[in-house]
J.: 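One structure, as structure tokens, below. Some questions next.
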Amino acid sequence: MDHFGRNKIKDLLKSHESFVGNNVIVKGWVRTKRGNKNVAFIALNDGSIIHNIQVVVDVQNFDENILKLVTTGACLKVHGKLVESAGSGQKVEIVAESIEIYGTADAEIYPLQKKGHTMEFLREIAHLRPRTNTFGAVLRIRHAMAFAIHKYFNDNGFYYIHTPVITGSDAEGAGAMFRVTTLDAANPPKKEDGAIDFVQDFFGKPTNLTVSGQLEAELGAMALSLVYTFGPTFRAENSNTPRHLAEFWMIEPEMAFYEITENMDLAEDFLKSLIRYALENCYDDLEFLNEMYDKELIERLKSIVNVDFERLSYTRAVEILEKCGEKFEFPTAWGSDLQAEHERYLVEKHFKKPVILTDYPKDIKAFYMKQNDDGKTVRGMDVLFPRIGEIIGGSQREEVYEKLYSRMKEMGVSEKELWWYLETRKFGTAPHAGFGLGFERLILFVTGMSNIRDVIPFPRTPMNAEF
RNA sequence: UCCUCCUUAGCUCAGUUGGUUAGAGCAUCUGACUGUUAAUCAGAGGGCCGCUGGUUCAAGUCCAGCAGGGGGAGCCA
């Protein structure tokens with residue numbers, strides 16, 4: 001019993017031995033009601049667990065007008081005795097002694113039915129979809145993964161650092177940005193040459209929502225050694241795919257004294273640890289998702305935990321792709337970025353396990369990546385997963401001032417805006433590395449859902465900011 | 001942003017070479033049933049066939065534009 005005077009349905013179902021025979025109080029939402037003149041069965045769910053508890057109602061003992069209001073979607077308080085179930089299908093059930101209606105749900109217009117709905121329809125009623133089995137499971141797993149991330153880093157000596165959501169830099173190089181301004185969009189102040197006068201804006205200069213906390217996280221790593229960020233990230237790309245959001249959550253660890261190999265070791269151990277946590281703590285929800293959406297989900301998760309990720313260089317990957325005999329829509333050539341079909345071939349057909357690719361051509365990677373001695377490649381690393389492709393992107397960072405500076409010049413990155421970033425290489429620089437994990441892509445993988453819009457409560461995508 | 005497919009009842013979908021009154025399952029409502037498990041059985045109500053225009057004697061069906069959605073690609077996490 002918690003301090004709101006209720007028993008969680010999870011406790012009653014999971015520890016039923018200690019509750020059988022007791023008077024209990026449950027509060028929750030009706031999933032179904034069925035029965036006849038004499039007896040009614042209510043399936044009640046409070047979100048504490050995917051399973052419903054069955055409430056048995058001796059119809060003669062209740063006001064007919066109250067029972068009429070017990071419809072799918074209504075919210076109830078039920079007081080009764082927990083007993084071993086007389087029927088098969090559940091171990092225990094509650095014999096109702098009183099029922100209080102907290103909130104009715106007009107069955108004629110309540111959109112959720114007890115039968116299955118498509119994901120597309122549920123997205124249109126995102127305010128109600130947490131009440132479905134699927135979204136309850138996804139949201140509980142999402143919570144568990146967020147917790148497991150903090151736990152993993154805390155257990156391993158990392159410090160959680162809060163990087164800014166509003167940034168004055170538009171040179172982070174990770175995609176189009178959302179402008180943040182208090183200027184009047186219809187009539188902004190102009191300078192003499194007609195350009196918008198950002199001196200009059202809130203911050204006195206143009207600002208945007210962050211596309212990455214990495215550069216600031218590096219500043220933290222240059223003092224606390226091991227840090228990570230976990231926060232919202234915004235990309236104004238017109239991306240319409242099941243793997244992209246305009247607003248998503250990203251985890252970015254940054255480690256002083258780590259080189260590319262330690263970076264890979266951490267990424268692999270981190271991912272395995274999170275998946276193991278899901279298997280150990282979310283099994284009921286995973287079983288449901290496995291049954292309803294993806295019959296190989298649990299087996300796939302277990303196999304990831306027990307396999308060594310394949311590690312190879314970009315150059316070696318291109319060799320494999322050129323010799324494999326597979327017909328690709330786009331030919332492979334050293335120097336151009338791998339296409340999705342190439343990555344999928346490596347992960348799903350050639351190696352049949354997660355793959356970490358490293359040492360990419362410098363021209364297809366960001367300015368801050370550590371340059372190799374060959375003058376052609378940089379120490380970037382992408383972790384590729386089955387079904388979803390790139391789940392992690394990271395690198396060892398270039399810590400030598402001159403090399404970083406010249407690369408910025410070559411790639412047109414503003415040293416004026418990133419003067420503070422450059423100064424970390426001027427004062428006590430150190431080898432370091434880090435990576436970014438897309439939180440929703442992790443949740444996609446762990447839940448077996450197929451569209452990223454279905455693993456975040458309120459997805460933001462081009463032309464959609466409802467709710 | 002590009003390619004492609006889709007849009008018919010509250011939901012999921014049928015709807016023939018263009019042809020007269022628009023179909024099913026589920027949901028809802030009414031009734032039956034003494035323990036149901038996505039209960040079952042009987043009956044009823046429920047439609048701007050996405051929107052706009054065009055072709056035709058006749059359009060849910062063919063054509064064009066627009067809107068929304070799915071899948072694939074690119075950008076990436």
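Just so you know, these numbers come straight off a predicted model, no measurement behind them.
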J.: Between R453(A) and G393(A), which is nearer to the 5' end of RNA chain B once each is assigned its nearest nucleotide?
T.: R453(A)
J.: Taking any heavy-atom pair under 4.0 Å as a contact, classify I388(A): base, sugar-phosphate, or nothing.
T.: nothing
J.: I'd like to know if the side chain of K295(A) and the backbone of E291(A) have a donor-acceptor N/O pair within less than 3.5 Å.
T.: yes
J.: Separation of L274(A) atom CG from rA77(B) atom C1', in whole Å?
T.: 15 Å
J.: Categorize G436(A) for me: base, sugar-phosphate, or nothing, with a 4.0 angstrom heavy-atom threshold over every strand shown.
T.: sugar-phosphate
J.: Remember a base hit wins even if backbone is also touched, and classify A340(A) as base, sugar-phosphate or nothing at under 4.0 Å, heavy atoms.
T.: sugar-phosphate
J.: Could you check whether any side-chain heavy atom of V26(A) comes within less than 4.5 Å of a side-chain heavy atom of K8(A), counting everything from C-beta outward?
T.: no
J.: Regarding E329(A), tell me which of base, sugar-phosphate or nothing describes its non-hydrogen contacts under 4.0 Å with the strands shown.
T.: nothing
J.: Paired with rA32(B): which nucleotide, if any, by Watson-Crick or G-U wobble criteria at under 3.5 Å for both distances?
T.: rU40(B)
J.: To the nearest Å, how far apart are F230(A) CZ and rA77(B) P?
T.: 16 Å
J.: Treating E252(A) as the side-chain partner and G213(A) as the backbone partner, does any N or O pair qualify as donor plus acceptor under 3.5 Å?
T.: yes
J.: At under 4.0 Å between heavy atoms, what does T233(A) touch on the DNA or RNA strands: base, sugar-phosphate, or nothing?
T.: nothing
J.: Could you state the atom-to-atom distance from CZ of R123(A) to C1' of rG71(B) in whole Å?
T.: 12 Å
J.: Counting side-chain heavy atoms from C-beta on, which of rU30(B), rU36(B), rU28(B) comes nearest to K68(A)?
T.: rU30(B)
J.: Whole Å only: how far is the CG atom of N36(A) from the P atom of rU40(B)?
T.: 14 Å
J.: Could you let me know what rC66(B) is paired to, Watson-Crick or G-U wobble, both distances under 3.5 Å, or none if it's on its own?
T.: rG50(B)
J.: Between N464(A) and P242(A), which has a closest nucleotide on RNA chain B that is more 5'?
T.: N464(A)
J.: Which whole number of Å gives the distance between the P atom of rC29(B) and that of rC62(B)?
T.: 38 Å
J.: In whole Å, I'd like the distance from the CZ atom of R129(A) to the C1' atom of rC11(B).
T.: 17 Å
J.: Give, for atom CZ of F158(A) and atom CG of L266(A), the distance between the pair rounded to the nearest 0.5 Å.
T.: 4.5 Å
J.: Under a 3.5 Å threshold, yes or no: a donor from one side chain and an acceptor from the other, between E343(A) and Q339(A)?
T.: no
J.: So which nucleotide from rU28(B), rG69(B), rA73(B) ends up closest to the side chain of E120(A)?
T.: rG69(B)
J.: Among the nucleotides rG74(B), rG35(B), rU1(B), which one has an atom lying closest to any side-chain atom of N238(A)?
T.: rU1(B)
J.: With a 4.5 Å limit on heavy-atom distance, are the side chains of F230(A) and W249(A) in contact?
T.: yes
J.: Under 4.0 Å, heavy atoms only, any strand: does A86(A) hit a base, just the sugar-phosphate, or nothing?
T.: base
J.: Angle class for the H143(A)/F147(A) ring planes (parallel below 30°, perpendicular above 60°, tilted otherwise)?
T.: parallel
J.: For RNA chain B, which residues of residues 88-101 of chain A approach it to below 4.0 angstrom with any heavy atom?
T.: S88(A), Q90(A), E93(A)
J.: Parallel, tilted or perpendicular for F270(A) and Y152(A), by the 30°/60° rule?
T.: tilted
J.: For rG71(B), which nucleotide in any strand shown is its Watson-Crick or wobble partner with both distances under 3.5 Å?
T.: rC3(B)
J.: Please verify the inter-ring angle class for Y345(A) with H350(A); under 30° counts as parallel, over 60° as perpendicular, anything in between as tilted.
T.: tilted
J.: With sugar-phosphate meaning primed atoms plus P, OP1 and OP2, does I392(A) contact a base, only sugar-phosphate, or nothing at under 4.0 Å between heavy atoms?
T.: sugar-phosphate
J.: I want to check a possible cation-pi pair here: K353(A) against F385(A), using under 6.0 Å from ring centre and within 45° of the ring axis as the test.
T.: no
J.: Figure out the CD/P separation between E237(A) and rG74(B), and round it to whole Å.
T.: 14 Å
J.: Would you please determine if the base of rA77(B) is stacked by F439(A), with stacking meaning a centroid separation under 5.5 angstrom and planes under 30 degrees?
T.: no
J.: Specify the separation, in whole Å, of atom CE of M145(A) and atom P of rA77(B).
T.: 22 Å
J.: Considering Watson-Crick and G-U wobble pairs with both distances under 3.5 Å, what does rC26(B) pair with?
T.: rG10(B)
J.: What about Q339(A): does its side chain form a donor-acceptor pair under 3.5 Å with the base of rG74(B)?
T.: no
J.: To the nearest Å, how far apart are L122(A) CG and rG69(B) P?
T.: 15 Å
J.: To the nearest 0.5 Å, what is the distance between SG on C75(A) and CD on E100(A)?
T.: 9.5 Å
J.: With a 4.0 Å cut-off on heavy atoms, is N451(A) in touch with a base, just the backbone sugar-phosphate, or nothing at all?
T.: sugar-phosphate
J.: Relative to each other, are the rings of Y314(A) and Y360(A) parallel, tilted or perpendicular (30° and 60° limits)?
T.: tilted
J.: Please state the P separation for the pair rU8(B) and rU4(B) - nearest whole angstrom.
T.: 22 Å
J.: Could you let me know what rA58(B) is paired to, Watson-Crick or G-U wobble, both distances under 3.5 Å, or none if it's on its own?
T.: none
J.: When every nucleotide of nucleotides 42-50 of chain B is labelled 5' to 3' by its protein contacts under 4.0 Å (heavy atoms), B for base, S for sugar-phosphate only, - for none, what sequence of letters results?
T.: ---------
J.: Suppose you measure atom C1' in rC41(B) against the same atom in rU36(B); what distance do you get, rounded to whole Å?
T.: 15 Å
J.: Where the side chain of R235(A) is concerned, which of rC76(B), rU36(B), rA73(B) is the nearest nucleotide?
T.: rC76(B)
J.: Contact class for F121(A) vs. all strands (heavy atom < 4.0 Å): base, sugar-phosphate, or nothing?
T.: sugar-phosphate
